[in-house]
There are 2 protein chains.
Amino acid sequence: MTNADRPETLARYTVGSLHRALRLVDIIASGPVDGLTVSELARQLGASKSTTFALARTLLEFNYLRILEPGTRYQLGLALVRLGDISASGLPLAAICQPVLHDINAKTGLTIRAAINENGRPLFIERVDAPGAIRFHAPLGVPELPHVSSAGKAILASMTDREVASIIAVTGMPRRTANTITTLQGLFDDLAEVRRRGYAVDDEEDFDGVFCVGAAFFDHSGSCAGTISATGIKRDLPEQAVRDLGALVRESANGITRMLGGTPRELVTTAVTT
Amino acid sequence: MTNADRPETLARYTVGSLHRALRLVDIIASGPVDGLTVSELARQLGASKSTTFALARTLLEFNYLRILEPGTRYQLGLALVRLGDISASGLPLAAICQPVLHDINAKTGLTIRAAINENGRPLFIERVDAPGAIRFHAPLGVPELPHVSSAGKAILASMTDREVASIIAVTGMPRRTANTITTLQGLFDDLAEVRRRGYAVDDEEDFDGVFCVGAAFFDHSGSCAGTISATGIKRDLPEQAVRDLGALVRESANGITRMLGGTPRELVTTAVTT
DNA sequence: GATCACTGTTCGGTAATACCGAACGAACGT
DNA sequence: ACGTTCGTTCGGTATTACCGAACAGTGATC
C-alpha cells in the first residue's frame, strides 16, 4: 500500500474524505486491469459500501473512473489521461526528450524511456515501446530503485560516493535477481565503470533476462536532470551491440544536455569531485 | 451507450469536498502552465483560502499536485502521469495502436494520433508528435468536435445519415474557419466522399493552415472502434502527397481492424446500409 | 423453483469534520 | 516605513460525510 509510506508530518491539514478518495483511486490503479467492484473497494478501503459508493460516483462524475460494460467494475477513467498528458507537457523535459526517444527506438527497435532525477532516483515520465508483443514492466510516474536500473545507476554516477551512500541509506539495496549489486562497495565499483564508459548497464540485475543501457543528461547548472535508457532481451544483444547501443544512448543524452543549455560531462578516469 | 448527457441532475450521491477538490484540479489543468497560487485558486473555486489550502495540501500529499520552485504555485503532479498511463494501458486499443502510430510517424514525419469512438465523437488517447518545433493543439482525453476533424468525420462516415444527424444535434456545427462545413447537407456530401476514398480529410476546417487525414478502424462486431489520423501543415502537403498519405492511413487503420478481429469495410459507392 | 449469498443502490440519523473567518509573519512594490 | 498581498495557522460551529439498515436484482447451489 502506498498510503503508509508518507512518514512526513503532512497529516495536519489533510481533508479526510479527499484522502479516502485518492486512496480509492490508488487501489484501483494497483488492482487488476479489469477493475474492481464497489464491495471490493469498500473492503480494501476500510469504509462502508455506501461511503465508497458515494466517493466512486463523484469520481465517476469527473471521469476519473470508468465503468466496464459487463457488471459494474470501476477502472481508471479517461480524465486521468488528459491530466497526465498536461502534467507531462508541463515538464519541458518531456517535449525535448520525445523526438530523441523515437529516434533511438527507430534505430534499435528497443523500448526507450526517459526519466527525471527525483532525489537520486529515476522517475520515468515517457516511454516508447518496442514493436511486437513483448512489453516490459515500465510504469510511468513512480520512482524506481536506483541500484538495479541503468537509469538509476546513470544518475548515481553523477554524484559523489557520499551522496550515493545517503540515497542508498533511504532506499536500501534489496536483491532482485542473482546479478543484483547488494553491497555499497560493489555499487561504487560499478559506478566508477559507468563514469569511464559514459553509460550505465543493467545486466539482468532487476529482471532475469532483461538488459538495460542508460545515460544521464545534465542541465545548465551541471546537475543531473534525468536519463534516457534502452531496454531489451539479453540474448538479443551480443557484446558488440551493447557497446554500440551504449555509445548511441550516451550521445543522445549528450544531445539533450546541449538542448538544456548544459555541457556534456567528459569521460573521467578518476572519481567525481565534490 | 448508456452515457447520459451533461444536463443530468446534479448527482445526489456526490461528496462535496471531493467535488471541490476535483474542480480544483480542473482549474489548474486549464490554467497557465506555470501554475496557480493558493489565493488565485481560492478565488476561482469560490472557497476560502484556508479550505483551498487544505485541499491543495492533501492533493500534494498524493502527488496529484506539484509546487514550482520559485514561489508557491501549484501545477499538476506526476501521479497523474502514472494514473493516465495506467488508464490508457487499460484500453487494449492503446497497446495495439502505438506501434502503428510510430510506423506512420517514421514514414511521414507528421503528428499521428489515435482516437476512440466516444458516442460519435473522437476522443484522442495517444499521440506521437512530429519532430521539430511545431506542436499542434492536441490534447488527450477530451472529446473533440466531429464535424471539423478528420478523425471525427471518419467516425461519422461509418454511420447512417440519421445517426449522424442525431449526433450533430447534440454537438452543433460551430464554425471554426472559413472552410468549416456548417450545414448538414454539406456534411453528408463530404461523408459520402469519405466512404468513397476510405479516408477523411480536414482541409483547414478546424485551424487555418492545418491539414489532417484520418481513417477509421472497426472491431469484431463491425462497429467503428476509433480512428488514426495524421496532422501537418497544409503547404507542406502537395496533392499527390495527400493521396499517398490517405492510402497509408487507410491501410494502417485496416491493419488495426484486422488485429481487433474485424474485417475492413470495403469502399462503397452508395450510402451505408443500416 | 426456492433458497442463499452476493451484488449495487437508496435513505435517514448523528457524530464527526470540513468549512470559514480572523490573525499571524513574511515578502514585495510602492 | 508604508500598505498590500502572500502563505500559513488555529479555533468554533454548522454543515456534511459517514455508517448501518433495507431495498431490488442477479447467479449459483441445492
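To find a chain, count down the sequence lines: A is the first, B the second, and so on, and within it residues start at 1.
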Study note, to complete from the structure: Closest to the 5' end of DNA chain C, once B:Ala54 and A:Glu40 are matched to their nearest nucleotides, is A:Glu40
Review point. Are the side chain of A:Thr257 and the backbone N or O of A:Ala253 linked by a donor-acceptor pair below 3.5 Å?
Key: yes
Review point. Using Watson-Crick and G-U wobble pairs whose two distances are both under 3.5 Å, how do you write the pairing of DNA chain C as dot-bracket, with | for links to another strand?
Key: |||||.||||||||||||||||||.|||..
Check your understanding: Would one find a side-chain N or O of A:Ser17 under 4.0 angstrom from OP1 or OP2 of D:dT16?
Key -> no
Review point. Between the side chains of B:Ser48 and B:Ser50, does any donor sit under 3.5 Å from an acceptor?
Key: yes
Practice item. Calculate the interatomic distance between B:Leu55 atom CG and D:dT16 atom P; express it in whole Å. Key: 13 Å
Review point. Start at the 5' end of DNA chain C and walk down; is the nucleotide closest to A:Val38 or to B:Gly16 reached first?
Key: A:Val38
Exercise for review: Round to a whole Å and report the spacing from CZ of B:Arg43 to C1' of D:dT5.
Suggested key: 9 Å
Practice item. Could you tell me how the ring of A:Phe62 sits relative to the ring of B:His19: parallel (under 30°), tilted (30 to 60°) or perpendicular (over 60°)? Key: perpendicular
Practice item. Mark yes or no: A:Arg57 above the aromatic ring of B:Tyr13, with NZ or CZ under 6.0 Å from the six-membered ring centre and no more than 45 degrees from the axis. Key: no
Check your understanding: Quick one: how far along DNA chain C does chain B reach, first to last nucleotide 5' to 3', anything under 4.0 Å to a heavy atom?
Key -> C:dT10 to C:dG21
Pairs under 3.5 angstrom only: tabulate donor-acceptor contacts from the side chains of residues 162-172 of chain B to other protein residues two or more places apart or in another chain.
unit_1   : atom_1 : unit_2   : atom_2 : d
B:Glu163 : OE1    : B:Thr160 : N      : 3.0
B:Glu163 : OE1    : B:Thr160 : OG1    : 3.3
B:Ser166 : OG     : B:Glu163 : O      : 2.8

Review point. Base, sugar-phosphate, or nothing for A:Ser39, non-hydrogen atoms under 4.0 angstrom?
Key: sugar-phosphate
Point to revise | Side-chain donor-acceptor pair present, B:Thr58, B:Glu61, cut-off under 3.5 Å | key: no
Practice item. Grab the two heavy atoms, one from A:Arg176 and one from A:Leu145, that are nearest each other, plus how far apart they are. Key: CD-CD1, 4.5 Å
Exercise for review: Might you point out which heavy atoms bring B:Leu101 and B:Glu126 nearest each other, and give the distance in Å?
Suggested key: CD1-CB, 4.0 Å
